[in-house]
J.: 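For reference, the structure I am asking about is given below.
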Amino acid sequence: MSPGEFDASFTADMPRLRRRLLALTGNPHDADDLVQETYLRLSRRARAQSLTQQQHPYAYTCAVAANLLRDSWARPSRREHTTDRLPEAGWDGGLGVYEASATALSLLSVLSEKEAAAVILVDLEGLSHDTAAQRLGAHRGTVQRNRMRGLAKMRAALVR
């Protein structure tokens with residue numbers, strides 16, 4: 001059986017095989033995955049001419065698919081597990097950090113020196129208003145007012 005003949009034969013039997021696997025798994029995604037794995041396994045064997053010896057190729061295909069399904073049940077490590085944890089964030093090569101700092105610098109350039117100092121100390125460094133006021137040599141209310149004005153200017157710059 002040539003690879004072209006095998007593809008034609010498998011394509012003809014594929015809807016029936018998928019229905020059978022859907023009945024076995026109860027999940028269309030798992031059934032599609034099994035159809036694909038069955039095709040890959042049989043296509044390797046078709047090239048080795050072992051499939052041509054079968055009297056009932058569809059029955060043989062179903063047996064291979066059932067074995068693959070049984071193997072997936074036997075190996076729980078291959079199955080997906082639901083969890084309430086989020087996956088780890090992928091590494092983007094530092095591009096995200098660079099973009100965030102570039103955006104922050106461009107937004108801070110819109111502010112006056114006092115507003116920028118208040119935003120940096122309170123929002124970026126996490127200091128309290130009292131500590132920021134001591135560092136800047138200003139009153140706590142002045143730091144709060146400068147920070148609020150600065151944040152308002154930054155929001156307005158983001159909307160534009």
Side-chain angles (χ1 to χ4, degrees), residues 3-4 6-8 10-44 46-47 61 64-160:
F6 169 74
D7 287 344
F10 190 85
T11 303
D13 290 335
M14 191 169 59
R16 197 164 72 160
L17 177 65
R18 185 181 183 281
R19 281 193 304 272
R20 178 173 287 219
L21 291 173
L22 183 59
L24 288 172
T25 62
N27 184 338
H29 305 293
D30 290 341
D32 291 338
D33 288 344
L34 280 170
V35 167
Q36 183 178 6
E37 286 183 48
T38 303
Y39 173 80
L40 291 174
R41 178 152 309 167
L42 288 176
S43 68
R44 286 186 224 120
R47 290 188 186 102
T61 302
V64 169
N67 288 338
L68 286 170
L69 178 61
R70 188 192 63 220
D71 289 347
S72 73
W73 288 337
R75 290 190 205 109
S77 63
R78 293 187 67 187
R79 282 186 266 159
E80 294 180 13
H81 298 284
T82 58
T83 179
D84 58 345
R85 294 183 336 202
L86 293 174
E88 293 180 12
W91 186 66
D92 62 354
L95 184 62
V97 174
Y98 174 76
E99 286 178 343
S101 58
T103 303
L105 286 174
S106 69
L107 289 173
L108 287 172
S109 68
V110 174
L111 308 180
S112 70
E113 278 187 38
K114 291 180 182 180
E115 292 167 343
V119 168
I120 289 170
L121 289 177
V122 175
D123 293 310
L124 298 180
E125 291 188 12
L127 298 179
S128 67
H129 289 103
D130 292 325
T131 309
Q134 286 176 350
R135 283 209 182 159
L136 294 174
H139 190 271
R140 179 181 196 272
T142 305
V143 172
Q144 285 178 326
R145 187 173 55 250
N146 287 333
R147 177 179 168 265
M148 294 308 291
R149 285 181 187 160
L151 291 176
K153 284 182 183 178
M154 292 170 79
R155 282 189 206 99
L158 283 175
V159 172
R160 291 182 206 161

J.: What distance do L21 atom CG and L69 atom CG have between them, rounded to the nearest 0.5 Å?
T.: 7.0 Å
J.: Taking all heavy atoms of A132 and all of V122, pick out the closest pair and write down the distance.
T.: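 The pair with the smallest heavy-atom distance is CB-CG2, 3.9 Å.
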J.: Within the structure provided, determine whether R145 and T142 are in side-chain contact (heavy-atom separation under 4.5 Å).
T.: yes
J.: Using side-chain heavy atoms (C-beta onward) and a distance below 4.5 Å, is R155 in contact with L151?
T.: yes
J.: Which residue is it: V35, D13, L34? I am looking for the one with a side chain to side chain contact (heavy atoms under 4.5 Å, CB included) to R18.
T.: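 For R18, the side chain to side chain contact (heavy atoms under 4.5 Å, CB included) test succeeds with only one of V35, D13, L34, which is V35.
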J.: Distance from T131 atom OG1 to E125 atom CD, nearest 0.5 Å?
T.: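 Reported to 0.5 Å precision, the distance equals 11.0 Å.
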J.: Would a distance-only check, ignoring hydrogens and angles, find a side-chain to backbone donor-acceptor pair under 3.5 Å from S43 to L40?
T.: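 Judged by distance alone, yes, a pair lies under 3.5 Å.
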J.: Take atom NZ of K153 as the centre, draw a 6.0 Å sphere, and report whether it contains more than 12 heavy atoms from other residues, nucleotides or ligands.
T.: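 Atom NZ in K153 is crowded, with more than 12 foreign heavy atoms closer than 6.0 Å.
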J.: If I take atom CG from residue L22 and atom NE2 from residue H29, how far apart are they, to the nearest 0.5 angstrom?
T.: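 So the CG of L22 and the NE2 of H29 are separated by 10.5 Å.
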J.: Mind checking the CG-CG spacing from N146 to L121? Nearest 0.5 Å is all I need.
T.: 11.5 Å
J.: So which heavy atom on A65 is nearest to which on L17, and how close?
T.: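 Distance-wise, the nearest heavy atoms are CB-CD1, 4.0 Å.
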J.: For R135, is the CZ atom crowded, meaning more than 12 foreign heavy atoms sit under 6.0 Å from it?
T.: no
J.: On a heavy-atom basis, which atom in R140 and which in D130 lie closest, and how many Å separate them?
T.: CD-OD1, 2.6 Å
J.: Working to the nearest 0.5 Å, report the span between CG of D32 and CE of M14.
T.: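 With rounding to 0.5 Å, CG (D32) is 9.0 Å from CE (M14).
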J.: Donor-acceptor pairs are to be reported for all side-chain atoms of residues 101-113 against protein atoms at under 3.5 Å, with residues two or more places apart or in another chain.
T.:
{"residue": "S101", "atom": "OG", "partner": "V97", "partner atom": "O", "Å": "3.1"}
{"residue": "S101", "atom": "OG", "partner": "Y98", "partner atom": "O", "Å": "3.0"}
{"residue": "T103", "atom": "OG1", "partner": "E99", "partner atom": "O", "Å": "2.8"}
{"residue": "S106", "atom": "OG", "partner": "A102", "partner atom": "O", "Å": "3.4"}
{"residue": "S106", "atom": "OG", "partner": "T103", "partner atom": "O", "Å": "2.8"}
{"residue": "S109", "atom": "OG", "partner": "S106", "partner atom": "O", "Å": "2.6"}
{"residue": "S112", "atom": "OG", "partner": "E115", "partner atom": "N", "Å": "3.3"}
{"residue": "S112", "atom": "OG", "partner": "E115", "partner atom": "OE1", "Å": "3.3"}

J.: To the nearest 0.5 Å, what is the distance between CD on Q36 and OG1 on T38?
T.: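 The CD atom of Q36 sits 10.0 Å away from the OG1 atom of T38.
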